[in-house]
Visitor: 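Mind having a look at this structure? Questions to follow.
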Amino acid sequence: GMPVSASNVPAPRRVTRQLSVGAVGVGGEHPVSVQSMTTTVTADVNATLRQIAELTAAGCDIVRVACPSQDDADALPQIARKSKIPVVADIHFQPKYVFAAIEAGCAAVRVNPGNIKKFDDKVKEIAQAARDHGTPIRIGVNAGSLDPRLLRKHGRATPEALAESALWEASLFAEHDFHDLKISVKHHDPVVMIHAYELLAARCDYPLHLGVTEAGPALQGTVKSAVAFGALLRQGIGDTIRVSLSAPPVEEIKVGLQILQSLGLRPRRLEIVSCPSCGRAQVDVYKLAEEVTAGLEGLPVPLRVAVMGCVVNGPGEAREADLGVASGNGKGQIFVKGQVVRTVPESKIVETLIDEALRLAEQMGTE
Ligand code: SF4
């Protein structure tokens with residue numbers, strides 16, 4: 001008989017400690033959250049808050065800001081207070097900014113022990129300050145700035161080296177009875193990154209922040225992140241994610257949310273089911289799909305809209321979707337909830353679909 005498909009069974013979540021990044025719970029049963037990082041100069045408070053507001057509108061749960069200078073540190077209290085989502089300060093090199101960020105009321109602080117000199121000596125004070133303010137710490141290990149001792153031991157940033165480095169730093173905090181930690185071990189190679197997180201998942205119960213670092217321009221970064229996060233999240237590994245793209249941060253949020261929706265970890269929102277087109281297409285499928293997508297962007301309901309190029313799979317997909325078009329002969333049959341409601345010329349397909357989608361969305365909103 002047919003093999004049983006487990007594709008719609010939710011992945012069991014790895015059991016982890018929980019922590020609160022401001023109002024956002026991370027770990028345990030909390031939904032996987034989506035993060036990005038601002039690209040503004042943090043000390044430019046208005047520009048930074050404006051970008052945070054854009055990210056918030058796009059669905060960002062947690063935002064991180066860089067803090068490379070005293071001016072940036074001085075801006076943190078205002079940014080942390082005015083942001084509508086939790087603000088994490090990202091600290092490299094200078095432990096004094098870790099304390100500044102904790103005192104500024106940041107919702108969490110990311111430290112990269114690999115590039116903070118004599119980090120081990122500072123852990124006691126950091127743990128103390130973080131405990132006093134209830135501030136969780138992310139230990140963010142990066143392949144490019146691995147602890148020199150582990151780099152010597154392993155020769156390069158292997159999965160083992162990344163995991164060992166993070167667990168060593170976590171153990172230093174644990175010695176001071178501080179466990180409000182989450183961990184990331186980023187690498188630009190998804191295969192190395194996946195393995196490193198699998199090692200961590202097996203060896204600790206801290207929540208994990210997933211990221212493929214320096215993932216690259218939009219297309220490459222999207223694919224690398226989707227592959228790596230998919231492989232891990234499907235095993236229940238990963239509590240918060242950041243897609244890194246050499247593209248505006250709002251794009252990172254869109255990709256991150258799509259990854260979670262694709263895995264069934266977030267309710268699906270608007271979904272466009274469009275065919276790739278082929279030699280049978282009798283309408284311009286790319287143009288139709290693009291225009292329908294643009295026209296419906298941001299519609300806050302889980303509508304599935306099918307845009308299909310011909311009668312081979314068109315009527316079937318269009319009937320299965322909430323709304324759809326099956327095209328043929330320069331015309332489009334418009335389906336709503338499985339029924340053909342009308343047939344329109346190609347030039348009217350987009351506006352008819354958008355009208356019908358808005359009508360359906362309104363019904364769904366008031367049901
Ligand atoms: Fe080709 Fe028709 Fe399938 Fe689109 S729906 S890919 S046009 S066969």
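One-based numbering along the sequence shown. Treat the numbers as computed from the prediction; the structure is a model and nothing was measured. When a ligand or atom number is given, it counts from 1 through the structure's own listing order. Keep in mind that the numbers below use all heavy atoms, side chains included, and drop hydrogens, waters and symmetry copies.
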Visitor: If the cut-off is 4.0 Å to any non-hydrogen atom of Ala281, which atoms of ligand 1 fall inside it?
Guide: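 Matching atoms, with element in brackets: 7 (S).
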Visitor: Quick one: does Asp44's side chain have a donor or acceptor within less than 3.5 Å of a partner on Ala47's backbone?
Guide: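 Answer holds: yes.
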Visitor: Starting from atom 1 (Fe) of ligand 1, find the nearest protein heavy-atom neighbour and note its residue, name and distance.
Guide: Cys278 SG, 2.3 Å
Visitor: Would you check if atom 1 (Fe) of ligand 1 lies under 2.8 Å from any N, O or S atom of Cys310?
Guide: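 It does not: Cys310 brings no N, O or S atom closer than 2.8 Å to atom 1 (Fe) of ligand 1.
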Visitor: Could you tell me, atom by atom, which parts of ligand 1 come under 4.0 Å of a heavy atom of Met308?
Guide: 5 (S)
Visitor: Does a side chain donor of either Glu164 or His154 reach within less than 3.5 Å of an acceptor in the other side chain?
Guide: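 Checked: Glu164/His154 side chains pair up, N/O donor to acceptor below 3.5 Å.
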Visitor: For atom 3 (Fe) of ligand 1, find the nearest protein heavy atom and state the residue, atom name and distance (0.1 Å precision).
Guide: Asn313 ND2, 3.8 Å
Visitor: Same cluster or not: are Phe119 and Phe99 linked, directly or through other Ile, Leu, Val, Met, Phe, Trp or Tyr residues, by side-chain heavy atoms under 4.5 angstrom apart?
Guide: yes
Visitor: How far is atom 8 (S) of ligand 1 from its nearest protein heavy atom, and which residue and atom name does that atom have?
Guide: Arg280 NE, 3.3 Å
Visitor: Going by the order shown, which atoms of ligand 1 are within less than 4.0 Å of some heavy atom of Cys275?
Guide: 4 (Fe), 5 (S), 6 (S)
Visitor: Cut-off 3.5 Å, side chains only: do Arg342 and Thr352 have a donor facing an acceptor?
Guide: no
Visitor: Can we say Asp61 and Lys84 salt-bridge, meaning some charged N sits less than 4.0 Å from an Asp/Glu carboxylate O?
Guide: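 Salt bridge flag = no for Lys84 with Asp61.
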Visitor: Looking at Glu125 and Lys122, is any side-chain nitrogen of the basic one under 4.0 Å from a carboxylate oxygen of the acidic one?
Guide: no
